Student: 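Mind looking over this structure? Questions follow.
One is the number of the first residue; the rest follow in order along the sequence. Atoms within each ligand, like the ligands themselves, are counted from 1 in listed order. Atoms considered below: every heavy atom in the structure, side chains included; atoms not considered: hydrogens, waters and symmetry mates. Since this is a predicted model, take the numbers as computed values, not measurements.
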Amino acid sequence: MSYNNIIFEEDKKIAYITINRPKKLNALNKETIAELHDAFYEADSDKNIRVIILTGSGEKAFVAGADISEFADFDISQGAELAKNGQKILFDFVENLSTPVIAAVNGFALGGGLELAMASHFRIASDNAKMGLPEVSLGVIPGYGGTQRLPQLVGKGKAMEMIMTAGMIDAKEAKDYGLVNHVTTLEELIPLCEKIAGRIAKNSGTAISSAIKSINDNFKDGVNGFKTEVNQFGNCFGTDDFNEGTTAFLEKRKPNF
Ligand code: COA
């Protein structure tokens, strides 16, 4: 598939999705959101791909937010539709993807950019990264899951402060907050993501998908994550990966998933 606003590459077991609107600091316009959906779908459908690394092009921004020029004249129902559709086709879609998604936060991750990083399964930042949800400075609130995922990741009080002040935190603070797992230099950002992706790719893809689903269900209203875990745990026993993993252990060799 060809894309106008993103670069999609595959190498060995990793898919790289790079948001590529550097002149607009990779702001998410409608077309980019639709293309991201298609790219994540494409990567997730390819059984050779074991990890997806998501980043922004250039050295300045991961994503500086939703494209403000596209919604500045929206009315109430258009605003609600924007949030609903975006959550469905991109943010919830990424969070619930069965292939692990690592956000490589390489600069500004603001508004929808931070929301996209938070929808990813975990985040690694370069030391120039700046993160925030500045929507209230525009008279609006985060609409792509930010009011829900930020408190899940950093706690209610810190989320309240970040959202109310519309301020930015740097990479070190983001790590202290638990918003990103690691901080490194810009040069080392993708290599570090690849190193961690390599460790993930050695393990069972089907078991990892079950783990993602079980962990996510902890945060879903009206869903009992413990029950999901029981079901997913049971399902693992019917997979080729379980057979290979346990057999390899008993035969004292490395599994070949
Ligand atoms: N939507 C649309 N365009 C955006 C954008 C966004 N979220 N963020 C940046 N851009 C555009 C700018 O309009 C500018 O375009 P232009 O050159 O055609 O005028 C270009 O990207 C470069 O941005 P600029 O503001 O000149 O860079 P800067 O280094 O001075 O500031 C930021 C960087 C990130 C602090 C600033 O761009 C910013 O505050 N962006 C908006 C962040 C935001 O509120 N996001 C949440 C949206 S809901």
Side-chain angles (χ1 to χ4, degrees), residues 3-7 17-37 54-95 103-120 123 125-154 158-174 177 179-180 183 186 189:
Y3 300 102
N4 296 323
N5 303 281
I6 62 176
I7 301 166
I17 298 177
T18 305
I19 301 155
N20 188 32
R21 297 182 77 213
K23 287 188 182 145
K24 294 290 174 190
L25 303 186
N26 303 321
L28 297 176
N29 61 359
K30 202 174 167 197
E31 191 185 21
T32 307
I33 288 179
E35 288 187 357
L36 281 167
H37 170 89
L54 171 69
T55 195
S57 73
E59 300 193 342
K60 198 168 164 185
F62 173 72
V63 171
D67 193 319
I68 298 166
S69 66
E70 275 193 348
F71 60 76
D73 61 354
F74 274 15
D75 63 20
I76 293 174
S77 66
Q78 288 172 307
E81 189 54 34
L82 180 76
K84 188 177 166 195
N85 188 51
Q87 289 190 15
K88 182 174 166 213
I89 71 167
L90 184 57
F91 298 81
D92 293 352
F93 186 70
V94 168
E95 182 173 70
V105 181
N106 59 314
F108 288 114
L110 301 175
L114 181 55
E115 289 173 302
L116 185 56
M118 292 193 294
S120 303
R123 291 140 294 283
S126 53
D127 48 21
N128 64 320
K130 290 249 166 29
M131 282 158 257
L133 293 178
E135 284 87 346
V136 299
S137 71
L138 298 165
V140 67
I141 64 166
Y144 289 144
T147 64
Q148 306 304 298
R149 292 192 181 99
L150 188 62
Q152 287 169 5
L153 286 163
V154 307
K158 290 194 186 85
M160 285 281 190
E161 184 180 339
M162 279 180 71
I163 290 172
M164 288 177 191
T165 61
M168 293 184 208
I169 57 172
D170 63 21
K172 186 185 172 305
E173 282 175 291
Y177 277 25
L179 188 52
V180 304
V183 177
L186 192 54
L189 179 61

Student: I need the single residue from N106, N20, T18 that forms a side-chain hydrogen bond (donor to acceptor under 3.5 Å, both in side chains) with S57. Which is it?
Tutor: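 Exactly one pass, corresponding to N20.
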
Student: Around atom 23 (O) of ligand 1, find the nearest protein heavy atom and jot down its residue, atom name and distance.
Tutor: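 Atom 23 (O) of ligand 1 sits closest to the protein heavy atom L25 CD1, 3.6 Å.
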
Student: Among A64, G132, G65, which residue places a heavy atom closest to atom 42 (C) of ligand 1?
Tutor: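 Among A64, G132, G65, the closest heavy atom to atom 42 (C) of ligand 1 comes from A64.
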
Student: What residue and heavy atom of the protein are closest to atom 5 (C) of ligand 1, and at what distance?
Tutor: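 It is A27 CB, 4.0 Å.
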
Student: Which residue and atom name correspond to the protein heavy atom nearest atom 13 (O) of ligand 1, and how close is it?
Tutor: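 Result for atom 13 (O) of ligand 1: K24 NZ, 4.7 Å.
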
Student: Any idea which part of L138 is under 4.0 Å from ligand 1, heavy-atom wise: side chain, backbone, both or neither?
Tutor: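 Looking at L138 and ligand 1, just side chain atoms fall under 4.0 Å.
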
Student: Does ligand 1 have any atom that is closer than 4.0 Å to a heavy atom of A66?
Tutor: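 Distance cut 4.0 Å: A66 passes for ligand 1.
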
Student: Determine, for R149 against D92, whether the closest basic-nitrogen to carboxylate-oxygen distance falls under 4.0 angstrom.
Tutor: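 D92 and R149: salt-bridged.
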
Student: Measure the distance from atom 44 (O) of ligand 1 to every protein heavy atom, then report the residue, atom name and distance (to 0.1 Å) of the closest one.
Tutor: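 Of the protein heavy atoms, P134 CG, 3.5 Å lies nearest.
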
Student: Which option wins on minimum heavy-atom distance to atom 17 (O) of ligand 1: K60, K23, R21?
Tutor: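 The residue whose heavy atom sits nearest atom 17 (O) of ligand 1 is K23.
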
Student: What protein heavy atom is closest to atom 39 (O) of ligand 1, reported as residue, atom name and distance in Å?
Tutor: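 Its nearest protein heavy-atom neighbour is L110 CD1, 4.7 Å.
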
Student: Considering heavy atoms of the protein only, find what lies nearest to atom 1 (N) of ligand 1 and give residue, atom and distance to 0.1 Å.
Tutor: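 Answer for atom 1 (N) of ligand 1: I68 N, 3.0 Å.
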
Student: Where is the nearest protein heavy atom to atom 2 (C) of ligand 1: which residue, which atom, and how far?
Tutor: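 Protein heavy atom with the smallest distance to atom 2 (C) of ligand 1: D67 OD1, 3.3 Å.
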
Student: T32 side chain to N5 main-chain N or O, any donor-acceptor pair under 3.5 Å?
Tutor: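 Such a contact is absent between T32 side chain and N5 backbone.
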
Student: Please report the interatomic distance CG(L179) to CG(L114), rounded to the nearest 0.5 Å.
Tutor: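 One finds 5.5 Å between CG of L179 and CG of L114.
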
